[in-house]
Amino acid sequence: MKRIFIGLLVAACLCPTAQAFKQETHRRLVEDAVAYIQAHPQTTGYSDLQAVATAAGYTVAQFAQVLGQSAYDVDDFQDTYFCGAITGDCVYAPVFNAGSSLVNYTSYWHFQNHTRGPDVHGNDLGGYNYDKLTVWGDIDNLAASWLVGDYLDDGPGGMTGWWSNDDSEYDTYGITEANYRQGTTSSKSMYDDFEEMPFQPLDNLAQYWYDQFLATPTAQSLGYALHATDVVQPHHVWTTSALNHSGWEGWVADYYDSENLNDDALVTQALSNFTAPGSGSTDIRPLLTQGGDIAYANGSLVLSSTDHSDRVQVGQVVVPHAIAMVVHLLGHASAQLTQ
């Protein structure tokens, strides 16, 4: 069996909360998935998960905590810098600080747009692209207005501001975008104006970290892949930074327990709505797209309504499905290491 090495990956950096399911919700979804696996050992491959945790020197409870914390940490990555068209100044977060739903530019890799088909890269479903949005609101417009003409930091790659001045901080194009490209094609010209940037979709981010886990197993890299639960957040598949985005995520965090959104029976029902990757495949993206399909089909109500009962209706669908998706991912990952 491969050993899961304990330690942090260099790519993880700390910064303010970003746009996604609230970070604490990401942690809970993963920890609740592990708890579900432990409570249903005969149907979830618990023995494999336990063996992987033990090989890494963890108890199952400790393993769940590390996975959950790592899923939480993805929103803290300082791996995406935009450079000012005029100033050439490169930053990882907007200085205008447009509320808690847009604090860190890494969040733009956390979408999978189910309102459109293939993107310019060749993905079957693209990510965030302001120019291609079919629903949008104030925060989308504010970002596009503030960042008009701004370009993705490409390190020493040659992209500069209007006056050929550039203070590159990080080669976002050569590192982050390249990591999330996942067999598709890109060019720097795609990223020279924010309002037309075709960001790679969330499932490519998750696939990158899952491949890193399989190549050199760490609890952290697997946890990073589990941030893919954002694909079951309706705003991330309808694709908008606005339309009650932040308010909905805050509601999920506030009512997660009191509305029993992680109900065991609902998770059991949700598991049957996924087709898990086969043992001979390491591509988890079809599973993630299934999660996005469910959120797209069942979650649009929370883009237009803040009514508590409407949010309960959607929450009782998307939260159990997010947990179920993690159950399938952990089962597949554990089996890959123990076979």
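In this text, all values refer to a predicted model and were calculated from it rather than measured experimentally. Atoms considered below: every heavy atom in the structure, side chains included; atoms not considered: hydrogens, waters and symmetry mates.
- A pairwise comparison of heavy atoms in Ala242 and Asp138 identifies CB-OD1, 3.4 Å as the closest pair.
- Put simply, the side chain of Ser304 gets close to the backbone of Leu301: a donor and an acceptor are under 3.5 Å apart.
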Take Val66 and Gln220, measure what side-chain contact (heavy atoms from CB on, under 4.5 Å) needs, and give me the verdict at the end. CA-CA 7 Å; Val66 176; Gln220 285 77 27; 3.5 Å; yes

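- Defined by atom type and a distance below 3.5 Å, a donor-acceptor pair is present between the side-chain atoms of Gln207 and Asp211.
- Counting heavy atoms from C-beta on, the side chains of Val319 and Asp263 never come closer than 4.5 Å.
- Within a 6.0 Å sphere centred on CD of Gln339, other residues, nucleotides and ligands contribute more than 12 heavy atoms.
- Cluster annotation: Val60 and Tyr36 are assigned to the same hydrophobic cluster (Ile/Leu/Val/Met/Phe/Trp/Tyr, side-chain heavy-atom contacts under 4.5 Å, transitive).
- Ring geometry for His321 versus Phe274: interplanar angle of 30 to 60°, hence tilted.
- Minimum heavy-atom separation, His40 to Thr44: O-OG1, 2.6 Å.
- Side chain to side chain, Asn204 and Asn123 meet the donor-acceptor criterion of an N or O pair below 3.5 Å.
- Under the 3.5 Å distance criterion, the side-chain polar atoms of Tyr191 are matched with a main-chain donor or acceptor of Pro198.
- In this structure, Ile37 CD1 and Leu49 CG are separated by 5.0 Å, a value rounded to the nearest 0.5 Å.
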Passes side-chain contact (heavy atoms from CB on, under 4.5 Å), Tyr81 versus Ser168? Steps please. CA-CA 8 Å; Tyr81 283 73; Ser168 174; over 6 Å; no

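- The backbone N or O of Val148 lies less than 3.5 Å from no partner atom in the side chain of Asp193, so there is not a single donor-acceptor pair.
- Side-chain contact between His245 and Glu249 is present, with at least one heavy-atom pair separated by less than 4.5 Å.
- Looking at Leu133 and Tyr128, their side chains come closer than 4.5 Å, going by heavy atoms from C-beta outward.
- Tyr58 and Leu226 fall within the same hydrophobic cluster, where Ile, Leu, Val, Met, Phe, Trp and Tyr residues are linked whenever their side-chain heavy atoms come under 4.5 Å apart, directly or through other members.
- Sorted by first and then second residue, the disulfide bond (SG atoms under 2.5 Å apart) pairs with a member in residues 299-339 form an empty list; sequence neighbours excluded.
- A side-chain donor from one of Asp140 and Thr240 sits under 3.5 Å from a side-chain acceptor of the other.
- Side chains of Gln112 and Thr289: a donor on one and an acceptor on the other come within 3.5 Å.
- In the hydrophobic clustering of this structure, Val120 groups with Phe111; members are Ile, Leu, Val, Met, Phe, Trp, Tyr whose side-chain heavy atoms approach within less than 4.5 Å, directly or through other members.
- Taking the side chain as every heavy atom from C-beta outward, Leu287 and Pro277 approach each other to under 4.5 Å.
- Under the 4.5 Å side-chain criterion, counting only non-hydrogen atoms from C-beta, Asn262 is not in contact with Leu29.
- The CG atom of Leu243 sits 9.0 Å away from the CD1 atom of Ile139 when rounded to the nearest 0.5 Å.
- Atom OG of Ser145 and atom OH of Tyr130 lie 6.0 Å apart (nearest 0.5 Å).
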Checking side chain to side chain donor-acceptor pair (under 3.5 Å) for the pair Asp230/His26: CA distance, chi angles, key distance, verdict? CA-CA 8 Å; Asp230 261 347; His26 277 292; 3.2 Å; yes

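- For the 3.5 Å distance criterion, the side chains of Asn244 and His235 fail to qualify, holding no donor opposite an acceptor.
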Quick one: do Leu205 and His110 satisfy side-chain contact (heavy atoms from CB on, under 4.5 Å)? Show the steps, please. CA-CA 8 Å; Leu205 178 158; His110 298 181; 3.7 Å; yes

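- At a cut-off of 3.5 Å, with distance as the only test, a side-chain donor of Asp307 or Ser309 sits close to an acceptor on the other residue.
- Two different hydrophobic clusters hold Leu266 and Val30 under the rule that ILVMFWY side chains link at heavy-atom gaps under 4.5 Å.
- Considering only heavy atoms from C-beta on, Asp79 stays 4.5 Å or farther from Ile175 through its side chain.
- By the 4.5 Å heavy-atom criterion applied to side chains, Val318 and Gln233 are not counted as neighbours.
- Side chain of Ser334 to backbone of Gly331: no donor-acceptor contact under 3.5 angstrom is found.
- Closest of all the heavy-atom pairs between Val74 and Thr106 is O-CG2, 4.2 Å.
- The shortest side-chain heavy-atom distance between Asn113 and Asn129 does not fall under the 4.5 Å cut-off.
- The nearest pair of heavy atoms linking Ala270 to Ala324 is CB-CB, 3.8 Å.
- With Glu196 contributing its side chain and Met190 its backbone, the two residues share no donor-acceptor pair below 3.5 Å.
- Atoms CZ and OG, from Phe199 and Ser107 in turn, are 8.5 Å apart once rounded to the nearest 0.5 Å.
- The OH atom of Tyr72 lies 6.5 Å from the CD atom of Glu24; values are rounded to the nearest 0.5 Å.
- Here Asp293 contributes atom CG and Leu288 contributes atom CG; the two are 11.0 Å apart, rounded to the nearest 0.5 Å.
- Donor-acceptor pairing under 3.5 Å is lacking for the side chains of Asp153 and Thr172.
- Just one residue in the list Trp146, Phe82, Tyr105 forms a ring pair (Phe, Tyr, Trp, His ring centres under 6.0 Å) with Phe194, and that residue is Phe82.
- Between the side chains of Glu177 and Gln200, at least one donor N or O sits under 3.5 Å from an acceptor N or O.
- Hydrophobic clustering, with ILVMFWY side chains joined whenever heavy atoms are under 4.5 angstrom apart, keeps Tyr208 apart from Leu125.
- In this structure, the side chain of His332 engages the main chain of Ser281 through a donor-acceptor pair within 3.5 Å.
- For the pair Ala335 and Asp48, the tightest heavy-atom approach, listed with the atom from each and the gap, is CA-OD2, 3.9 Å.
- Checked by atom type and distance alone, the side chain of Thr268 pairs as donor or acceptor with a backbone atom of Asp264 at under 3.5 Å.
- A donor-acceptor pair is defined here as one N or O able to donate and one able to accept, closer than 3.5 Å; no such pair exists between the side chain of Arg311 and the backbone of Trp251.
- Counting only distance, with no hydrogens or angles, the side chain of Trp238 and the backbone of Tyr296 share a donor-acceptor pair below 3.5 Å.
- Between the side chains of Asp283 and Tyr210, no donor-acceptor pair is found at a separation under 3.5 Å.
- Under a 3.5 Å cut-off, the side chain of Gln290 and the backbone N or O of Thr275 do form a donor-acceptor pair.
- In terms of heavy atoms, Thr229 sits closest to Met325 at CA-CE, 3.8 Å.
- When each of Phe77, Tyr173, Trp109, Tyr224 is tested with Tyr180 by the rule ring pair (Phe, Tyr, Trp, His ring centres under 6.0 Å), just one qualifies, namely Trp109.
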Might you work through the side-chain contact (heavy atoms from CB on, under 4.5 Å) test for His308 and Val312, ending with a clear yes or no? CA-CA 6 Å; His308 183 82; Val312 170; 3.6 Å; yes

